[in-house]
Structures are given as C-alpha cells and as structure tokens.
Amino acid sequence: MRRALLIIWTLLCVFGVCAKERLPQPIEGHKRLYAYPADSALNTGTAVIVCPGGSYSWLDIPTEGIGVARWLQSQGINAFVLRYRVATVYAYVFWYRALGVGNRYPNMRLDVEEALEYVYTHASEYGIDTARIGVMGFSAGGHLAMSSYLYNQTPYRPHFLCPIYPVVSMSHKVSHKRSRRGALGVWRQFNRQWRDSLSLEKHITPDCPPVFLVNCKDDPVVKYRNSELLDSALTANNVPHRYIQYQTGGHGFGASETKGTPESRQWKQEFLQWIQHL
C-alpha cells in the first residue's frame with residue numbers, strides 16, 4: 001500500500017506539477033543542462049550547478065531545480081539545472097533493470113562531470129570566475145553534488161559543494177534504500193563493495209573543497225544521521241565546512257517560500273552569507 005501511494009504521488013509530481021512550470025530550452029549541444037544566467041548588473045561571477053533530488057529514480061525539477069535556480073539567479077549567481085540520468089519511475093515500479101538495462105551509476109556522475117566541463121569552458125560567456133564554480137544538490141542530488149568532487153578524475157572539479165538534506169551513506173544502517181537501489185540497480189544494491197564505494201563518509205579526503213551542509217532532525221525521508229556521518233568525516237579530515245542542523249523542516253523544501261518551516265527556510269540566507277565570505 002505504501003509503495004502504491006508513493007508511486008501515485010510521484011507520478012502526480014512528475015506529470016502534474018512539472019506541467020505547470022517547465023524548464024527552458026536546454027543549452028545548445030548539452031541536452032541535460034538548463035541555464036539561468038545572472039543579470040549582468042547583479043552578476044557575482046559565481047556559478048552553481050543544481051542537482052534536484054528524487055532518490056536517483058526521478059527528479060523534483062519544480063522545487064529543487066527551477067525554484068532553486070531562480071532564487072540563485074535573483075541573487076546574482078549563475079545557475080545551471082542538471083537533468084541527470086536516473087532510474088526512472090518505470091524502472092522503480094517494474095524492476096526491468098534486473099535484466100541489466102537502464103540507467104544506474106556511473107551515468108549520473110558522468111552527467112555532472114559533463115556539466116562542470118561546460119560551465120568551465122563557457123565561463124567567459126556568462127561572466128563566471130572559474131574559481132567560483134560549485135555544485136548544489138538536494139537529497140539524492142546532494143549525494144551527487146559530493147560525488148562531483150570525490151569521484152571526479154577530470155580537470156573540471158567544483159570549488160565548493162552544497163549538499164542539502166543529502167543522502168550520504170549506501171552501507172550504514174541509516175542508508176536511504178530507495179536511493180541506493182536507484183543508483184546501484186537491482187542487483188548491485190546488495191553488493192557490499194558497491195555500497196561502500198558510494199558511501200560518501202568513507203571517501204572524504206583533506207583536499208575536499210569547502211562544504212555547506214544542511215539538514216533537519218525531523219526529516220522523514222532521509223534519516224538525519226546521514227548528514228551527521230558526513231559532518232564527522234569532514235571534521236576528521238579538517239575540511240572547511242559549515243554544518244547546520246535544524247530541528248524542524250522535514251525534507252524536500254528546496255528554496256521554496258512555503259515548504260518546510262520558517263526555521264529551515266533560513267538556510268538560504270545562511271548560504272548567501274557563507275558563499276560571500278568564502
């Protein structure tokens with residue numbers, strides 16, 4: 001019954017809410033990236049690639065994509081929404097990836113690396129300082145944001161990371177199982193080596209760029225201990241970071257002015273202060 005309700009809710013989000021607010025045309029030559037450039041009078045030279053959440057199975061484009069991008073844009077920050085590859089709702093329902101087909105890791109990581117390459121190589125067109133390019137992600141997108149540095153072997157790596165109520169561990173008891181299955185697939189989700197390989201807390205290194213981390217203790221979707229594991233790993237490796245844990249706010253509020261709580265919505269101002277001082 002819970003699965004049926006989840007599927008119905010997800011389909012309503014994907015096909016109902018998304019219909020009200022659509023992404024613009026993708027960037028020419030890059031079908032998964034959508035630009036929200038800052039007005040030239042406000043442009044701070046900063047760029048953020050935005051990775052919406054959705055358990056690596058779908059994407060919350062309206063709240064954690066478009067809404068976040070428009071907010072960043074209004075603050076003089078160039079935003080780029082990434083519609084990275086996910087398992088899809090159909091794969092979640094019908095399990096056809098058991099046959100070895102469909103999207104799974106590392107597809108999503110390759111997508112964010114390509115997005116970083118685009119922003120770096122087109123920085124001058126948008127007035128972007130290449131030393132001020134970062135990745136922000138929500139829920140599973142927060143896991144992807146951290147992955148964009150930790151597992152990235154290309155020259156195009158982010159200078160700051162912003163995981164918001166992120167999925168962190170794939171091996172700890174607090175793992176978000178739906179995201180683990182979305183990322184790893186039907187069979188690899190049970191493989192300990194694969195689980196460990198994508199558990200962020202096991203792969204933090206001292207050269208990790210500054211991190212802005214936010215979550216809520218009453219999060220009913222991704223257990224709050226995920227962020228605590230990441231905070232502990234960052235602290236142990238002396239990585240500069242700001243960790244804010246709100247008592248209320250739940251999950252999935254993005255940059256909304258109505259979702260979450262007044263307490264959790266403070267994260268936006270905290271981020272702007274952090275990025276300014278960074």
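Residues Ser179 and Val167 come closest through the heavy atom pair OG-CG2, 3.5 Å. Shortest non-hydrogen contact noted between Leu161 and Ser148 is CD2-OG, 3.7 Å. Nearest approach of Tyr156 to Glu117, heavy atoms of both residues: CE1-CG, 3.5 Å. Pro52 and Ile61 make their closest contact through CG-CD1, 4.0 Å (heavy atoms, listed as atom of the first residue, atom of the second, distance). Here the shortest heavy-atom pairing between Ala255 and Gly67 reads CB-O, 4.1 Å. Across all their heavy atoms, Pro24 and Tyr36 have their closest contact at CD-OH, 3.1 Å.
Put simply, CZ on Arg132 and CD1 on Ile275 are 5.5 Å apart, with the number rounded to the nearest 0.5 Å. Distance check: Arg265 CZ to Thr261 OG1 gives 6.5 Å after rounding to the nearest 0.5 Å. Between the SG atom in Cys162 and the CG atom in Leu213 there is a gap of 10.0 Å [rounded to 0.5 Å]. For the atom pair CE of Met136 and CD of Glu64, the computed distance is 11.5 Å after rounding to the nearest 0.5 Å. Atom CD of Glu228 sits about 13.5 Å away from atom NZ of Lys223, to the nearest 0.5 Å. Rounded to the nearest 0.5 angstrom, Asp111 CG and Leu33 CG are separated by 10.0 Å.
Looking at Val86 and Asn103, their side chains never come closer than 4.5 Å, going by heavy atoms from C-beta outward. Residues Asn191 and Leu184 form no side-chain contact, since every pair of their non-hydrogen atoms from C-beta on lies 4.5 Å or further apart. Considering only heavy atoms from C-beta on, Asn238 stays 4.5 Å or farther from Pro206 through its side chain. When side chains are defined from C-beta on, Ile49 does not count as touching Val81, because their heavy atoms never get closer than 4.5 Å. Between Leu72 and Val50, the closest side-chain pair of non-hydrogen atoms falls below 4.5 Å. The side-chain heavy atoms of Arg83 and Arg32, taken from C-beta on, include a pair separated by under 4.5 Å. Tyr246 places none of its side-chain heavy atoms less than 4.5 Å from the side chain of Lys217. Ile164 places a side-chain heavy atom less than 4.5 Å from the side chain of Trp267.
For the 3.5 Å distance criterion, the side chains of Thr248 and Glu263 qualify, holding a donor opposite an acceptor. For His172 and Ser169, the side-chain atoms include no donor-acceptor pair closer than 3.5 Å. Side-chain contact of Asn226 with Asn215: a donor-acceptor pair under 3.5 Å is absent, judged by distance alone.
Checked by atom type and distance alone, the side chain of Ser147 pairs as donor or acceptor with a backbone atom of His143 at under 3.5 Å. A donor-acceptor distance shorter than 3.5 angstrom exists from the side chain of Asn78 to the backbone of Ala38, with no hydrogens or angles considered. The backbone N or O of Arg195 sits nowhere less than 3.5 Å from a side-chain atom of Arg180 that would complete a donor-acceptor pair. At distances below 3.5 Å, not a single donor-acceptor pair connects side-chain atoms of Ser256 with backbone N or O atoms of Gly254. Looking only at distances, a side-chain donor or acceptor of Asp218 sits under 3.5 Å from a matching main-chain atom of Gly250. For His277 (side chain) and Gln273 (main-chain N/O), a donor-acceptor pair under 3.5 Å exists by modelled atom type. The main-chain N or O of Val239 is never found under 3.5 Å from a side-chain atom of Asn237 such that the two would form a donor-acceptor pair. For the pair Arg104 (side chain) and Ala183 (backbone), a donor-acceptor distance under 3.5 Å is absent. No side-chain donor-acceptor contact under 3.5 Å links Tyr56 to the backbone of Met108.
Val174 and Tyr224 sit in two unconnected hydrophobic clusters of ILVMFWY residues. Membership requires side-chain heavy atoms under 4.5 Å apart, directly or through other members.
Aromatic pair Phe80/Tyr126: ring centres closer than 6.0 Å. Checked against the 6.0 Å centroid threshold, Phe212 and His241 do not count as a close aromatic pair.
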Checklist line | CA sep, side-chain torsions, deciding dist, call: Gln247, Cys216, side chain to side chain contact (heavy atoms under 4.5 Å, CB included) | finding: CA-CA 5 Å; Gln247 293 299 307; Cys216 300; over 6 Å; no
Notebook entry, point to check: Where do Tyr151 and Ser197 land on the side chain to side chain contact (heavy atoms under 4.5 Å, CB included) test, with the steps shown first?
Noted result: CA-CA 10 Å; Tyr151 307 114; Ser197 70; 6.0 Å; no
Note to self: Checking Ser199 against Ser171 for the side chain to side chain donor-acceptor pair (under 3.5 Å) test, could you report, in this order, the C-alpha distance in whole Å, the side-chain angles of both residues, the deciding distance, and whether it holds?
What the structure shows: CA-CA 6 Å; Ser199 292; Ser171 59; 2.9 Å; yes
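A salt bridge links Glu257 to Lys268: at least one charged side-chain nitrogen sits closer than 4.0 Å to a carboxylate oxygen.
Both tests hold for Arg188 against Trp194: distance to the six-membered ring centre under 6.0 Å, angle to the ring axis within 45°.
Aromatic ring pairs are classed by plane angle as parallel below 30°, tilted from 30° to 60° and perpendicular above 60°; the pair His159 and Tyr120 is tilted. In this structure, Tyr165 and His251 have tilted ring planes: the angle between them lies in the 30° to 60° band.
The environment of Gln193 atom CD is sparse: at most 12 non-hydrogen atoms of other residues, nucleotides or ligands sit within 6.0 angstrom.
Considering Met170, His203, Arg109 in turn, Met170 is the only one that fulfils the side chain to side chain contact (heavy atoms under 4.5 Å, CB included) rule with Leu198.
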